[in-house]
Amino acid sequence: MEGRIQAVRGMKDILPGEVETWQAVEALARKILEIYGFSEIRIPLLERTELFARSIGEATDIVEKEMYTFRDRSDISVTLRPEATAGILRAYIQHGLYRTQPFQKFYCIGPMFRYERPQKGRYRQFHQIDAEILGSPDPRCDAELLAMLRTLFEGMGLRELDFQINSLGCRSCRPSFKEAILSFLRDRETRLCEDCRRRLQINPLRIFDCKVPQCQENLRGAPQTLEHLCGPCRDHLESLERHLNSLEIPYTVNSLIVRGLDYYTRTIFEVISSDLGAQNAVCGGGRYDNLIEELGGPDMPAIGFAIGEERLVSLLLEGGRQRSRPPLDLFVVAVDARAESEAFLWLDRARRLGLRAETDLRGGSLKSQLRRAHKLSARRVLILGERELHQRRALLKAMDSGEQEEVPLDRLEAQMAEWVQGLREEK
RNA sequence: GUGGGUGUAGCUCAGAAGGUCAGAGCACCAGGUUGUGGCCCUGGGGGUCGAGGGUUCGAAUCCCUUCACUCACCCCA
């Protein structure tokens, strides 16, 4: 394939055949998000690099090695968004949205970019369905997000998804927990794997989900996040659990989940599927009570999540739930060149009335045009040839039965209008 | 960034130890009498066997390099 340009590594085309599933996912997501009171917000793909460095955290993998960063023509450093939250908050602060309405719920659907080695469920351009609730510390926010996720996933026919939650504590209790971990691991450090020794410096909590057996052994008896939560954080988690129970949302508390972004506080959660390979989270999110203030906004708590659309779509496809294009309502055949212009006219009339109608713009024999009509699973075919034009009528063929009838041209438009009516009633 | 696997027509793949090995199925296009789809039959288009180099009389087949894809690690959606 030398000489032919291929897509950039990690960037996927979504072709007809698969795109219908994406459309269905997004349509349902929008519907549910709107039902739950979220408003769409659209933000730029490109932001100043500093925004992500400050929000996600300088020492995170995303900022250190995964961002698409470059200088634009006026020499400012810009970055293709690796996640949506930072940009949404930037817009919220920049436009002073919190002044007119301090409590807001947003959603945003679109592509994100991270420069990573691609693998199953992970691409350099990927898509997220993102939702944020800004301006309330109430645990009902947390519960509402999870409730919405349940509704959404159920609506897609996905069961077997595991909702896992955890609490990372807050400014007042997290430092003491980190200290407890560090002192626990201090004399065991030499027995940890190389990666874990590095984690010890950067994000000690992450050692908990190391897969090396020896590391797991050394963690026996280690302090647990949940034991070190301060009173308010403990109350928050307990209250969330009460709400989840009353809404009958199944969940598990998993003290091992940690998130890769620095800004999370208190509640964090993931939605896990066992059918996704190594990248098994379809959705991840959490509370970030200090971030808005850190970005120069008011001191306002918030929480959000992001669904990985590629992963969601792959679950649907593997579950045999792909959508296909609806069949054609009408296919118009011009038997020979002399009927083409009349046929073309009726094709457009049909479309203006709202019928999904096609013809074969390459021409070809009657046989080949009918073959095409069949391939497009057209319900009806309108056949116009010299004979029909002379008699001012059209041949109408029903493809399932093969039966044909003649319709006078002066009655055809009314006939088409009836079909449109019938289609409306089917829905 | 690190490791494993794979690279032959649009797709899924055959091509045992180098010499009709450039193929099949599907897809696509066209025919199977005079204006008619699906099934069936016939025919056709399409590949520098990922790329470059080497060994050899001769390589898709062996060796080296490279690129791409893929899975996993790291990390995340």
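Just so it is clear: chains get the letters A, B, ... in the order the sequence lines come, proteins before strands, and each one is counted from 1. Quantities reported herein were computed from a predicted structural model and do not represent experimental measurements. Values reported hereafter were calculated over all heavy atoms of this structure, with side chains retained and with hydrogens, waters and symmetry mates removed.
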Asks: Between which residue ranges does RNA chain B form stems of three or more consecutive Watson-Crick or G-U wobble pairs, both distances under 3.5 Å?
Replies: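 Paired runs of 3+ in RNA chain B: B:1-7 with B:67-73, B:10-13 with B:23-26, B:28-32 with B:40-44, B:50-54 with B:62-66.
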Asks: Under 4.0 Å from OP1 or OP2 of U70(B): is there any side-chain N or O of Lys12(A) that close?
Replies: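 Yes.
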Asks: Counting only pairs under 3.5 Å, give me each side-chain donor-acceptor contact of residues 370-377 of chain A, with atom names and distances, residues two or more places apart or in other chains.
Replies:
none

Asks: Measure from the side-chain heavy atoms of Gln6(A) and tell me the nearest of C69(B), G35(B), A68(B).
Replies: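 My answer, after comparing the listed nucleotides, is A68(B).
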Asks: What's the separation between atom CG in Leu192(A) and atom CZ in Arg198(A), rounded to the nearest 0.5 Å?
Replies: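 So the CG of Leu192(A) and the CZ of Arg198(A) are separated by 13.0 Å.
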Asks: Centroid-to-centroid, Phe163(A) to Tyr251(A), below 6.0 Å?
Replies: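 Centroid separation for Phe163(A) and Tyr251(A): 6.0 Å or greater.
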Asks: Nearest to the side chain of Arg198(A) - C74(B), A30(B), C69(B)?
Replies: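 Out of C74(B), A30(B), C69(B), the nucleotide with an atom closest to Arg198(A)'s side chain is C74(B).
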Asks: What does the list of N/O pairs under 3.5 Å between the protein and nucleotides 1-8 of chain B look like, with a distance for each?
Replies:
from: U2(B); atom 1: O4; to: Arg117(A); atom 2: NH1; distance (Å): 2.4

Asks: Quick one, Ser255(A) and Thr225(A) - any side-chain contact, counting heavy atoms below 4.5 Å?
Replies: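 Yes - at least one pair of side-chain heavy atoms lies under 4.5 Å apart.
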Asks: Going by number, which of residues 302-315 of chain A have a non-hydrogen atom under 4.0 Å from RNA chain B?
Replies: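 Result for residues 302-315 of chain A: Ala306(A), Gly308(A), Arg311(A), sorted by number.
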Asks: Output every pair passing side chain to side chain donor-acceptor pair (under 3.5 Å) with a member in residues 23-32 of chain A, not counting sequence neighbours, ordered by first then second residue.
Replies: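 Matches after skipping sequence neighbours: Arg30(A)-Glu40(A).
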Asks: Considering only heavy atoms, which members of residues 281-290 of chain A lie under 4.0 Å from some atom of RNA chain B?
Replies: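 Going residue by residue through residues 281-290 of chain A, the ones with a heavy atom under 4.0 Å of RNA chain B turn out to be Ala281(A), Val282(A), Cys283(A), Gly284(A).
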Asks: Does any non-hydrogen side-chain atom of Cys108(A) lie less than 4.5 Å from one of Ile43(A)?
Replies: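 A side-chain contact exists here, since the closest heavy-atom pair is under 4.5 Å.
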Asks: Tell me which nucleotide among C75(B), C29(B), A77(B) gets nearest to the side chain of Lys375(A).
Replies: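 For the Lys375(A) side chain, the nearest candidate turns out to be C29(B).
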Asks: Check whether any side-chain nitrogen or oxygen of Lys367(A) sits under 4.0 Å from OP1 or OP2 of G37(B), and answer yes or no.
Replies: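 True: Lys367(A) side-chain N/O within range (under 4.0 Å) of G37(B) OP1/OP2.
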